[in-house]
Structure formats: structure tokens, C-alpha cells
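Keep in mind that the numbers below use all heavy atoms, side chains included, and drop hydrogens, waters and symmetry copies.
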Amino acid sequence: NRPSLTPEDVLGPGGVADTFDRLKEQGLIQASGVTAAGETAACCAVLDSGRFDCAQVYYNAINPSAAWSRAPATWRAQDFSGILAACWRHNMGVLTIRTWAGGPLASARRPDRLAVFTSGTDVDNEMRCAAAVHNALGDGFGTPAQTALRFVLGNRDLSTRVIGIATLNDLDEALAAVAQGPLPAAATARLEALWLANFR
């Protein structure tokens with residue numbers, strides 16, 4: 001298991017935020033950030049403190065909930081609703097992570113090792129949801145990897161997208177997706193229907 005910190009660990013006296021403040025005062029860093037993964041309420045508490053300049057946010061075609069104000073009643077995965085709004089309230093830069101969900105959105109091949117960062121899911125479910133995304137969108141918007149990145153490119157509230165490139169082919173896929181631009185509204189509507197149906 002990955003170590004986790006409580007909001008008190010981050011925001012309390014002598015915590016992470018104080019340490020980053022000292023590093024700024026010493027001129028060793030210009031900006032500080034957090035990864036908003038873990039329990040959603042705890043993440044929002046840290047973000048709403050206004051103590052950080054940027055955040056890495058989990059966001060992809062399998063779980064885009066960080067951009068929502070509220071998840072639909074049918075939603076069964078971890079609900080990150082409100083995280084992006086908290087970043088915007090405090091003028092934070094937003095770096096998305098897991099654009100390809102660690103691999104399942106980029107390829108139908110099951111990854112050899114996949115660390116699942118969210119609750120309410122596992123590797124089998126991530127593969128199932130990715131297959132549903134592929135089936136809903138087909139081949140009309142590029143390869144699976146291109147389509148997944150084009151979805152993330154469509155959210156203008158994001159400062160940048162962290163892709164996680166392991167091979168030159170991954171880089172080629174990313175460059176092709178950027179050249180194609182964001183998914184059209186009709187494709188996003190198909191995904192919205194998929195999320196409402198819990199990927200069924």
C-alpha cells in the first residue's frame with residue numbers, strides 16, 4: 001500500500017505545507033503542489049486550504065469525476081467530484097494524471113503491472129471499463145490511446161496533461177492525438193451515456 005497523509009499531516013504545524021513554505025522562503029522552490037489522490041474529502045480539505053500552487057488530479061475517460069460537481073446516482077467508482085472546482089477556487093494549476101488509466105485505455109492488452117490509484121475498482125474492472133469505452137467510441141477517433149488523450153484534451157479547465165510515456169510508440173500516439181485535437185461533442189456524449197450506465 002502507498003503511504004497516505006491526513007489533512008492534519010499536511011496542514012498542521014510542522015506539516016508538509018509549512019515545510020514547503022520554508023523552502024519557498026529560502027528560495028529553493030518557487031511553487032508547491034500535491035497529488036489529489038486518496039479520500040476525496042481529505043483531498044478537497046487540503047486543496048481548499050489555499051496553501052499549494054498546483055495539484056495532480058486523477059482524470060480520464062474511465063473516471064472523469066474530478067470535473068463534476070456531483071456524480072450521477074449510478075456512479076460506482078471513486079467519486080472525485082469537486083476536486084477541480086477546489087483547484088479553480090484557489091487559482092491552482094491542474095496537472096491530470098492517469099490519462100491512459102495506467103494502460104487499459106491505451107491498449108486492450110492487460111498491463112503486466114497496474115497500480116490502481118482509486119477506490120471502488122480493481123484491474124479487472126479497469127479493463128472492463130476501458131473495453132466499454134473502446135466499444136462505445138470505436139475506431140473513428142484514432143487508436144484507443146489517441147482517443148483517450150483526445151478526451152482529456154477536451155477539458156479546457158486543465159493546465160496540462162501528464163501522460164506517462166514508456167515507449168517511443170506512446171510518444172507517437174500522444175503527438176498524433178494532439179494533432180487531431182479534442183474529441184468532438186458527439187463522442188463525448190457517448191461517453192456521458194456510458195458513465196450514466198456504469199459502463200454497461
Side-chain angles (χ1 to χ4, degrees), residues 1-73 75-105 111 113-123 125-126 129 148-149 151-166 170 174 195:
N1 289 342
R2 293 177 298 123
S4 60
L5 301 175
T6 66
E8 180 64 20
D9 293 329
V10 178
L11 303 174
V16 174
D18 282 354
T19 301
F20 282 156
D21 287 345
R22 284 196 302 275
L23 292 171
K24 283 184 180 179
E25 289 165 5
Q26 295 167 14
L28 297 173
I29 63 172
Q30 292 182 345
S32 63
V34 295
T35 298
E39 201 251 75
T40 304
C43 291
C44 286
V46 169
L47 297 172
D48 270 325
S49 72
R51 301 282 304 272
F52 297 93
D53 302 295
C54 61
Q56 291 192 128
V57 174
Y58 193 101
Y59 180 82
N60 58 43
I62 292 175
N63 190 334
S65 62
W68 299 342
S69 59
R70 184 177 62 195
W75 190 247
R76 296 293 173 259
Q78 181 167 355
D79 181 5
F80 287 112
S81 296
I83 284 187
L84 204 54
C87 292
W88 272 86
R89 280 193 294 274
H90 300 284
N91 197 32
M92 296 174 69
V94 179
L95 301 81
T96 63
I97 56 173
R98 305 296 273 203
T99 296
W100 289 330
L105 282 170
R113 293 185 302 274
L114 176 61
V116 177
F117 283 15
T118 61
S119 61
T121 190
D122 57 23
V123 176
N125 187 60
E126 293 290 288
C129 293
L149 179 52
F151 164 72
V152 176
L153 290 172
N155 188 328
R156 296 177 182 267
D157 291 338
L158 310 173
S159 307
T160 193
R161 291 85 177 157
V162 178
I163 302 169
I165 291 173
D170 293 341
W195 302 327

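- Side-chain contact check for Pro104 versus Leu114: some heavy-atom pair is nearer than 4.5 Å.
- Two residues are said to be in side-chain contact when any heavy atoms from C-beta on lie closer than 4.5 Å; Thr118 and Phe80 meet this criterion.
- Taking the six-membered ring for Trp and thresholds of 30 and 60 degrees, Phe117 and Tyr58 have ring planes inclined between 30 and 60 degrees apart.
- At a threshold of 4.5 Å between non-hydrogen side-chain atoms, the residues Tyr59 and Val94 do not count as touching.
- Without hydrogens or angle criteria, Gln78 side chain to Ser119 main chain gives a donor-acceptor distance under 3.5 Å.
- Nearest approach of Glu8 to Pro13, heavy atoms of both residues: OE2-CD, 3.8 Å.
- Pairing each heavy atom of Cys87 with each of Val57, the nearest pair is SG-CG2, 4.3 Å.
- Of all the heavy atoms in Leu47 and Ala36, the pair that sits closest is CD1-CB, 4.3 Å.
- Considering only heavy atoms from C-beta on, Lys24 comes within 4.5 Å of Asp53 through its side chain.
- Contact check for Val116 versus Thr121: side-chain heavy atoms found under the 4.5 Å cut-off.
- Taking the side chain as every heavy atom from C-beta outward, Arg51 and Asp18 approach each other to under 4.5 Å.
- What you find for Cys44 and Ser81 is that their closest heavy atoms are SG-O, 4.5 Å.
- For the pair Glu126 (side chain) and Leu105 (backbone), a donor-acceptor distance under 3.5 Å is absent.
- Rounded to the nearest 0.5 Å, atoms CZ (Phe52) and CG (Asp21) are 8.0 Å apart.
- A 6.0 Å sphere centred on CD of Gln30 holds no more than 12 heavy atoms belonging to other residues, nucleotides or ligands.
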Open item on the list: For a side-chain contact (heavy atoms from CB on, under 4.5 Å) check, start with the C-alpha distance between Leu158 and Leu84, then their side-chain angles and the critical distance, and finish with the verdict.
Closed with: CA-CA 9 Å; Leu158 310 173; Leu84 204 54; 3.9 Å; yes
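- To the nearest 0.5 Å, atom CD1 of residue Ile62 and atom SG of residue Cys129 are 5.5 Å apart.
- A distance of 12.5 Å separates CD of Gln56 from CD1 of Ile83, quoted to the nearest 0.5 Å.
- Side-chain atoms of Trp100 and Asp170, non-hydrogen and from C-beta on, do get closer than 4.5 Å to each other.
- Across Gly50 and His90, no two heavy atoms sit closer than the pair CA-ND1, 3.7 Å.
- Annotation: side chain of Val16 is not in contact with side chain of Asp9 (no heavy-atom distance under 4.5 Å).
- Of all heavy-atom pairs spanning Ala86 and Asp48, the tightest one is CB-OD1, 4.0 Å.
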